[in-house]
There are 4 protein chains.
Amino acid sequence: MSGNSFGRLFVLTGFGESHGPAIGGIVDGCPPGLALSAADLQGDLDRRKPGQSRHTTQRRESDQVEILSGVFEGYTTGAPIALMIRNEDQRSKDYSEIAARYRPGHADYTYDQKYGRRDYRGGGRSSARETAVRVAAGAIAKKYLRLHAGILIRGYLSQLGPIRPVGFDWDEVERNPFFCPCAETVPRLEAYMDALRKEGDSIGAAVTVTASGMPTGLGEPIFDRLDADIAHAMMSINAVKGVEIGAGFASIEQKGTEHRDEMTPAGFLSNNAGGILGGISSGQDLCVRIALKPTSSIRLAGRTIDTHGQATEVVTKGRHDPCVGIRATPIAEAMLALVVMDHFLRQRAQNAGITPPVMPIPAAAR
Amino acid sequence: MSGNSFGRLFVLTGFGESHGPAIGGIVDGCPPGLALSAADLQGDLDRRKPGQSRHTTQRRESDQVEILSGVFEGYTTGAPIALMIRNEDQRSKDYSEIAARYRPGHADYTYDQKYGRRDYRGGGRSSARETAVRVAAGAIAKKYLRLHAGILIRGYLSQLGPIRPVGFDWDEVERNPFFCPCAETVPRLEAYMDALRKEGDSIGAAVTVTASGMPTGLGEPIFDRLDADIAHAMMSINAVKGVEIGAGFASIEQKGTEHRDEMTPAGFLSNNAGGILGGISSGQDLCVRIALKPTSSIRLAGRTIDTHGQATEVVTKGRHDPCVGIRATPIAEAMLALVVMDHFLRQRAQNAGITPPVMPIPAAAR
Amino acid sequence: MSGNSFGRLFVLTGFGESHGPAIGGIVDGCPPGLALSAADLQGDLDRRKPGQSRHTTQRRESDQVEILSGVFEGYTTGAPIALMIRNEDQRSKDYSEIAARYRPGHADYTYDQKYGRRDYRGGGRSSARETAVRVAAGAIAKKYLRLHAGILIRGYLSQLGPIRPVGFDWDEVERNPFFCPCAETVPRLEAYMDALRKEGDSIGAAVTVTASGMPTGLGEPIFDRLDADIAHAMMSINAVKGVEIGAGFASIEQKGTEHRDEMTPAGFLSNNAGGILGGISSGQDLCVRIALKPTSSIRLAGRTIDTHGQATEVVTKGRHDPCVGIRATPIAEAMLALVVMDHFLRQRAQNAGITPPVMPIPAAAR
Amino acid sequence: MSGNSFGRLFVLTGFGESHGPAIGGIVDGCPPGLALSAADLQGDLDRRKPGQSRHTTQRRESDQVEILSGVFEGYTTGAPIALMIRNEDQRSKDYSEIAARYRPGHADYTYDQKYGRRDYRGGGRSSARETAVRVAAGAIAKKYLRLHAGILIRGYLSQLGPIRPVGFDWDEVERNPFFCPCAETVPRLEAYMDALRKEGDSIGAAVTVTASGMPTGLGEPIFDRLDADIAHAMMSINAVKGVEIGAGFASIEQKGTEHRDEMTPAGFLSNNAGGILGGISSGQDLCVRIALKPTSSIRLAGRTIDTHGQATEVVTKGRHDPCVGIRATPIAEAMLALVVMDHFLRQRAQNAGITPPVMPIPAAAR
C-alpha cells in the first residue's frame, strides 16, 4: 500500500532504487498466449535509455531486462511476469552531497519527512531510473494491444520550452533524439539545448501520447473513467505537473457550439473530447498531453537547507538531463498502454457479449 | 469493479441515477469519534445545489441528505456511513428525446456502446447530479481534516471563458453565486452569463482548489503519489478536461532556476510545486487547477445520429447550466478532501511514530 | 477499508446497524442486461427471515428490499445496484443491558476496544441482521449464474448439534424450516430444538453449500484461489468457526491413493477435492462445509465484566435464535454465489478466447 | 489480478515457477526503520527447506534469498522490498511425463483448462516451491510484529495421519524434523513415515498456528474480519482443505453455555473463540488449525487421462514429500504473520488514538 502497484486487472508492481542491486517489477494479469521475449521489451527500454544523444544525461546503463517468470516456450502462461534490470553505472560519489542537504525541487526533503530516512544514492527510489520498469511493463501491454486488440500507442515531444514543432510526421518521431514529429524543428531544438547546457540550466517540456484503433466502451464511469485513470497514470510520472485530454485547458474559453464534437454517419466531425465521452472511449483516437517541469538537478547554485535545518547552498554535480521531457515519450506511452490494457480487460469482464444498438461510427482523423 | 468506489482507506462508493428513486453512497473507513450529523453535509450540498441563482440550471432539488448508518449518539462509530438523497424534481419529458438520438459531447453514445442499454432519463448515471454524493462524502472528510488534522480545503472559480478575477479575497468567494474571489469581477461575470443565456450557448471555466495547513509526508511515491491521486480525483469529475498542480502547464516554459522552489530556514521561497515534491506533501499549500469544458446541453441545434445510426439534429431542451464550472467549486473541494483524507490515514498506517531528522520548515504563503 | 466491501469485479459494499434506520448495500459490477426486480431478491430474503418457525427468533421483520438504482425498464444497466431494507421491529429496550456489560462470546467487548464506542442497540453493526444484505446481493449473483452460466448454487443443514441427516433429497430441503435434506430427520430436529428452548441454551450446527454446473477454470492460483476466496467468504459469516472443502479435515487421515480423485474419459471417479484443484475449478461440483458456533445470546446467566471492568453476570433477554445454523443456509449460498460470480467475471477478463487442449471431462456425480 | 498479491497495507506480490530462473516477490508497505537483512529471512527459509530429513523430499535447494531493494544501511526505508531466490536443482527430466498426462489430484488439468497452456516443469507455478516466497515475506512481518508489537507467531504439527502429539512443549517443536511439540511422539512419527515411504503412499496432516501477545482491536468487522482473512490466507496454501479457528468444527456439537468464553476481571476463562470475537482480536492468543491433504505425487500408479483426453495411467517419479504437512508449519506461520501485520497497520490507520472505555483484560493462557 505504499503505492508501488498500478492497475486493477493488469497490474504492475515495481521495485528498486537508483543505486541498489537492481530495479524491476512484476506484471500480474497478462493473459496467457502472448508471444513474448526480453527482446520485445528492449526496444522501448533503449528508446528511454540515457546517453542516446548529447542532449540527455551521459550516465551509462545498458538497461538489459531479464524475464524471470511467466513465460514458457516463448508464450505468456498467465502467471506473473517478473522483470529485472541490474544496475550497473553507480558513481555514488556524484551523489554524496545529497545525503547532507536537500536539493530544491527534489524529493529529498519530503522523503526524509515521510520516512525518517532515505536512500540518498542518486535519489534512490525517487530517481527517474524507476521509469525504466514502467517502460518494460508498458511494452508488454503495447504488444498485447497491438496484436490482440488492434490498438496502436504512440507519442511525441509536442513542446520544449518555447519551441513547438511546426509540422507533423509520425515517421519523423523516431528519426531524431527528441521524439520530435517535425524534421524542420530539430535543428532549433539542438541549438536551444546546446545553449542551455552551456548555461547549466534546465527547461520544461510537453509530450503528447495517443492511442489509435480504439474500440468503443473502454472506461468505467464515475471514478474509474478512462480519462481519470489516464490522468492518474500520467501525473504519477516524475516531473509531470499537468495533464490534459483533447481540448484540455483550451476548453475553458470554448463555447459549447465549438467544443461539442458533432456526429454524422460518417463519423465525428472533431475530437475536442480526445476520444473519451463520459469517461468511456468513443472509438476516436485518445489524445493526451502532459507538462513536464524542468529538472532541479542543475549546476547553478540554489539556496536550501541541510538536514539540520541550517541554511546552505546546493549545486547538483553529476550527469543529469537538462530536459527530462526529451526522454519522457516512451514513459508516457507505457503508462497509457497500462491504462488502456487494464480497461480492455475490465470491459471484457463486465460487458462480454454486449451488442450495442448501432455499430460504432468511424472515428474522425486526428 | 464498474468503478463506483474511490479511495483505499477512506472509501466512497456511490450509486444512483438522475431520475431513479434516489442517489447516494457509502463512506467506509471514517474513523470513529467524529461528531457528525446531516447538517454537517447540508452546507456543501446547498453550495452545489442547482437554482441558487439565475446563472445555473433552474431544476429544483432540495438535496436533503439522510444518514442511514454509521453514526450513533452524534458520533461516527467506525461503521460505514450510508448517505441517501431522494430525487424529487423529475421532469422526464424534458429528456425523452435523448432516448432516440445521441447528444454530441455527451455520454449517450458511449453508454449505449459499452452497456448495450442506458437509463436515458436526464442522463441517468452520467448526470452531473451524481456529484451531489461526492459533495456529501467530501463534507465528512473536510470536517475530519479540519477538526483532527488542522487542514483547510477551499476552492474558487479562477476563470470563466475569457474572464479571470483581477483581485483575490477568500472572504468574497462565498458572497457571490460564482465562487469568484474578486468582487470587482462579479458584475462582468453576470453580464457575460446573461448574454450567453440569450445566445443559448455554453462556456468553459477553470476552478482552483487548495489545501492549507498540510502536514508533510502525505502521498505514496511512484503510483499513488498525492498529485497522481489528485489528478485521478479531479479528472473523474464530469466535464473536467485538464488538471494542473502548482505551476502546471506553465512549467513547460520555465527554466530550472525559475521553477525550483528554494528553501531557507524561514520556509520555501515559492510554490511552483503546488505543495508536492516526489508525490509527497511538502507542508506547503496544495494548489490544484482544473479545466471544465462547456456543457453540450444547449438549445442550439447540432448534428448527430440517432440510435439507428441515421443522421439527425439534436436540440437539448430542459434546464441546464450554461457554465457547469459555476457549481464545480464544492465538487472539486470534495474530491480534494477525499484524496487528502485517504492519504492522511495511509500515512498514519505506515509511518506512525516516524521522527523526521528536521522539523518541517514553515510553508511559504500562497 | 473498514472492510465492508467484498469482491473484486462483482463487489458488494454493505451498511447498516440492527436498530438504525435501514440496512443495505451497493452491488457494483453486475453486467448489464440481467432481468432483475426486487421480487428476485425477496425469495431468498424470506428464506433467511426470522420468525419462519418456532425454532428461530420471533423478531418480526418483513425484510422488504427496495432497489434504488442500477435497474431500468426491468434490466440491469451496468450501474451500481443499491439495495435498502428499512428496519421495522426495534424493541431497543430488549438490548439496553448490553450497553453496560459485555456479553461473553459477543463482539461487544472487541468493538469497544477497537472503536472506543459502539452502537449497542441489538448488536448494532455486529448483529446477524447484516446478513440480510448478503442474501439480497447473493440473489443477484445466483440469478446471473443460473441464467447466464448454468451454475446452480444450493445448500442444506448438514448437522445440528449431534444430529446428522440420515438420508438425502434436495427437494426436501425447502419443505422444512431447518433446510434439512432428510424428511425422516426433521422430527428429531424438532424434538431436539424444543428441548433446547426449554433449557434456555443454544447449539452449534453445520451447513453444506454446493455449486453444480461449474465451468472449469474459475479461480486464480496462489492467493486468490477459488477455495481461498470461498474460505474468506464463509468465515466472514457471523458465528462461523470452520470451513472445509471436499474431504476437508477428513483428508488428515487419508492416504494419497485414497484422496486423489482419479480421472477417466468418463469423468472423475470421486470428489475429495470438492471441485477445486490448485485453486481452480475442475468442473466438478463445489462442496463446502461450514461449522457454526452456538449463539451466546441465551437466557442462562454467564460471568462477565461491565464497561468499567468490574465482575458481573449477564443474561441475554430478547428474542434470539437458539441455533443460528438453522437460518444460515441462504446466507452461505449467497456468499458462495458472490465468490463464484466474481471469479466468473475474472476468468472472462483474463482468459476470454482460451481454447483448452482437451474438452472438459464430465464431472462425477456428488 | 491473476491473484498473486496478498494484503491491503502490507502487500506481498509473488512470482516464479519451480523450474524457471528464479522465484521471488515484492513486499510493499513495510514501515521504514525495521532492521533487516537477508539473514533475518534465511532462518525460516531453512526451516521450510526440503531435504532437512529423510522424511521430506530430497530435492536440494539452498534457497538463498537476495534482497534487491527497500533496505538501506541495514534498515527498511518504506520502499518496496524485492526478494529473489534463484532456482538451482532443476531435474526437468523427472517431470517430463507431466507434460503429456494429468496427475490426479494435481493442478495440471485445471491449469490447462484455464490457461490453454502451462509450464509443466515440476508443476511450474503450482509447485509448492512457491511457498518459499511466502516464508521469506512472512519472516519480515514476523520480525516487525515481534520487535514493534510484541506479537509472537508460532506453529506446530498437530496431527499426522492418525497420530496426534500426546504432550505439549513449545521448545520441543524446533528439536525434531516434524515440528512436533512432543518428544515422545517423534519416534512414532518416524516409524510411520518410514513405513509409508516403503509403501510409496502419502498421508495428510494438520498444523496449528498461534499468535500470542495480541493486542485487542485487530480485524475489520463484516468482510475483512481477522478470522476471514486468516481463513483466506490458510486456504491459499497448497494442499490445505480445511481451516478452523478456536473450537472450530467442535463447536457444532457445543452448547452456548459451553462455547461462550466467560470473562472476569482476571481474564477470559476459556478460548473457544480462538482469540477473535466479531472478527476482531480479543487479546487472547489466536489459535488456527489447518488440514493438509496427502500429496498426489506418489509412485503408486493411478488412473488418469492424457492431454488428448485418452485414458492412461500415471506414476509420479521424482522426489516428493510423502507428507507435505511436515514442512507446512513455517508456511502457515508466515501466512498468519502476513494477515496480522496487515491488520496491525489497518488498525493504526483507522483507530489511532482511540481510548477504549476499559483496559484490555488479561488474556487467558492457551
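Quick note: numbers below take in every heavy atom, side chains included, and nothing from hydrogens, waters or symmetry partners. Just so you know, these numbers come straight off a predicted model, no measurement behind them. Chain letters run A, B, ... following the sequence lines, proteins first, then strands; residues in each count from 1.
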Next item on the list: Name the option with the most non-hydrogen atom pairs under 4.5 Å to chain B; the candidates are A/I203, A/I276, A/D229.
Entry: A/I203
Note to self: As a test of understanding, state which of A/D306, A/T312, A/T304 forms a side chain to side chain donor-acceptor pair (under 3.5 Å) with A/R101.
What the structure shows: A/T312
Check: For A/N272, is it the side chain, the backbone, both or neither that has a heavy atom under 4.5 Å from a heavy atom of chain B?
Finding: backbone
Checklist line | Which atoms of A/T295 approach chain B - backbone, side chain, both or neither, heavy atom under 4.5 Å | finding: backbone
Item checked: Most contacts with chain B, counted as non-hydrogen pairs under 4.5 angstrom, among A/G105, A/A206, A/S126, A/P221 -> A/P221
Note to self: Heavy-atom cut-off 4.5 Å, strictly under: side chain, backbone, both or neither for A/I245 against chain B?
What the structure shows: both
Next item on the list: Could you tell me which portion of B/S5 (side chain, backbone, both or neither) has an atom closer than 4.5 angstrom to a non-hydrogen atom of chain A?
Entry: backbone
Check: Would A/R134 and A/S236 satisfy side-chain hydrogen bond (donor to acceptor under 3.5 Å, both in side chains), going step by step from the backbone distance to the final call?
Finding: CA-CA 11 Å; A/R134 305 175 183 231; A/S236 79; 2.8 Å; yes
Margin query: For chain B, which candidate among A/P104, A/G248, A/A228 shows the most heavy-atom pairs at distances under 4.5 Å?
Written below: A/A228
Item checked: Side-chain heavy-atom pair B/T216, B/I280 within 4.5 angstrom cut-off -> no
Check: Counting heavy-atom pairs under 4.5 Å to chain B, which of A/G256, A/A107, A/G246 comes out on top?
Finding: A/G256
Note to self: Using a 4.5 angstrom heavy-atom cutoff, name the option from A/K293, A/M335, A/Q310, A/M234 with the most pairs to chain B.
What the structure shows: A/K293
Note to self: Using a 4.5 angstrom heavy-atom cutoff, name the option from A/A250, A/S281, A/G217, A/G279 with the most pairs to chain B.
What the structure shows: A/G217
Item checked: B/E313: side-chain hydrogen bond (donor to acceptor under 3.5 Å, both in side chains) partners, not counting sequence neighbours -> none
Note to self: If you count heavy-atom pairs within less than 4.5 Å of chain A, which of B/S202, B/A349, B/A231 leads?
What the structure shows: B/S202
Note to self: I'd like to verify something: which residue of B/P322, B/G274, B/P162 has the highest number of heavy-atom pairs under 4.5 Å with chain A?
What the structure shows: B/P162
Checklist line | A/D108/A/R118 salt bridge by N-O under 4.0 Å criterion | finding: yes
Item checked: A/E258: side-chain hydrogen bond (donor to acceptor under 3.5 Å, both in side chains) partners, not counting sequence neighbours -> none
Note to self: Looking at A/R8 and A/D342, is there a salt bridge between them, counting it only when a charged N and a carboxylate O are closer than 4.0 Å?
What the structure shows: no
Check: What is the ring orientation for B/F223 with A/F6, classed by angle as parallel under 30°, tilted 30 to 60°, or perpendicular over 60°?
Finding: tilted
Note to self: Using the rule given for side-chain contact (heavy atoms from CB on, under 4.5 Å), can you reason through B/E220 versus A/K114, listing the C-alpha separation, both sets of side-chain angles and the distance that settles it, and then say yes or no?
What the structure shows: CA-CA 9 Å; B/E220 305 290 336; A/K114 182 179 183 67; 3.5 Å; yes
Check: Which value, rounded to the nearest 0.5 Å, describes the distance between B/N238 atom CG and B/S127 atom OG?
Finding: 7.5 Å
Notebook entry, point to check: So which part of A/A205 gets closer than 4.5 Å to some heavy atom of chain B, the side chain, the backbone, both or neither?
Noted result: backbone
Check: Do B/S296 and A/H259 have side-chain atoms, one donor and one acceptor, less than 3.5 Å apart?
Finding: no
Check: Taking all non-hydrogen atoms of both residues, which atom of A/I290 and which atom of A/V243 are closest, and how far apart?
Finding: CG2-CG2, 4.2 Å
Next item on the list: Give, as side chain, backbone, both or neither, the part of A/R289 having an atom under 4.5 angstrom from any heavy atom of chain B.
Entry: both
Item checked: Among B/G161, B/A233, B/G278, residue most engaged with chain A (heavy-atom pairs, under 4.5 Å) -> B/G161
Next item on the list: Taking the side chain as every heavy atom from C-beta outward, state whether B/K255 and A/I298 have any pair of such atoms under 4.5 Å apart.
Entry: no
Next item on the list: Let me know if A/Q254 has heavy atoms under 4.5 Å from chain B in its side chain, its backbone, both or neither.
Entry: both
Notebook entry, point to check: Given a strict heavy-atom distance threshold of 4.5 Å, which part of A/D261 is in contact with chain B: side chain, backbone, both, or neither?
Noted result: backbone
Checklist line | Under 4.5 Å from a heavy atom of chain A, the part of B/I230 involved | finding: neither
Notebook entry, point to check: Which bit of B/A301 comes within less than 4.5 Å of chain A, counting heavy atoms only: side chain, backbone, both or neither?
Noted result: backbone
Next item on the list: For each of B/L160, B/L277, B/I252, tally heavy-atom pairs with chain A at distances under 4.5 Å, and name the one with the top tally.
Entry: B/I252
Checklist line | chain B contact via A/I163 - which portion, at a heavy-atom distance below 4.5 Å | finding: neither
Next item on the list: Look at B/G219, B/P215, B/S251 and state which one has the largest set of heavy-atom pairs under 4.5 Å with chain A.
Entry: B/S251
Next item on the list: Output yes when a side-chain donor or acceptor of A/Q350 lies under 3.5 Å from a complementary backbone atom of B/Y115, and no otherwise.
Entry: no
Item checked: Heavy-atom donor-acceptor pair, A/K241 side chain to B/A273 backbone, under 3.5 Å -> yes
Next item on the list: With a 4.5 angstrom heavy-atom cut-off, could you sort out which part of B/L300 is near chain A: side chain, backbone, both or neither?
Entry: both
Notebook entry, point to check: Is it the backbone or the side chain of A/R303 that comes under 4.5 Å from a heavy atom of chain B, or both, or neither?
Noted result: both
Note to self: Please rank B/A311, B/S297, B/G200, B/A247 by heavy-atom pairs under 4.5 Å with chain A and give me the top one.
What the structure shows: B/A311
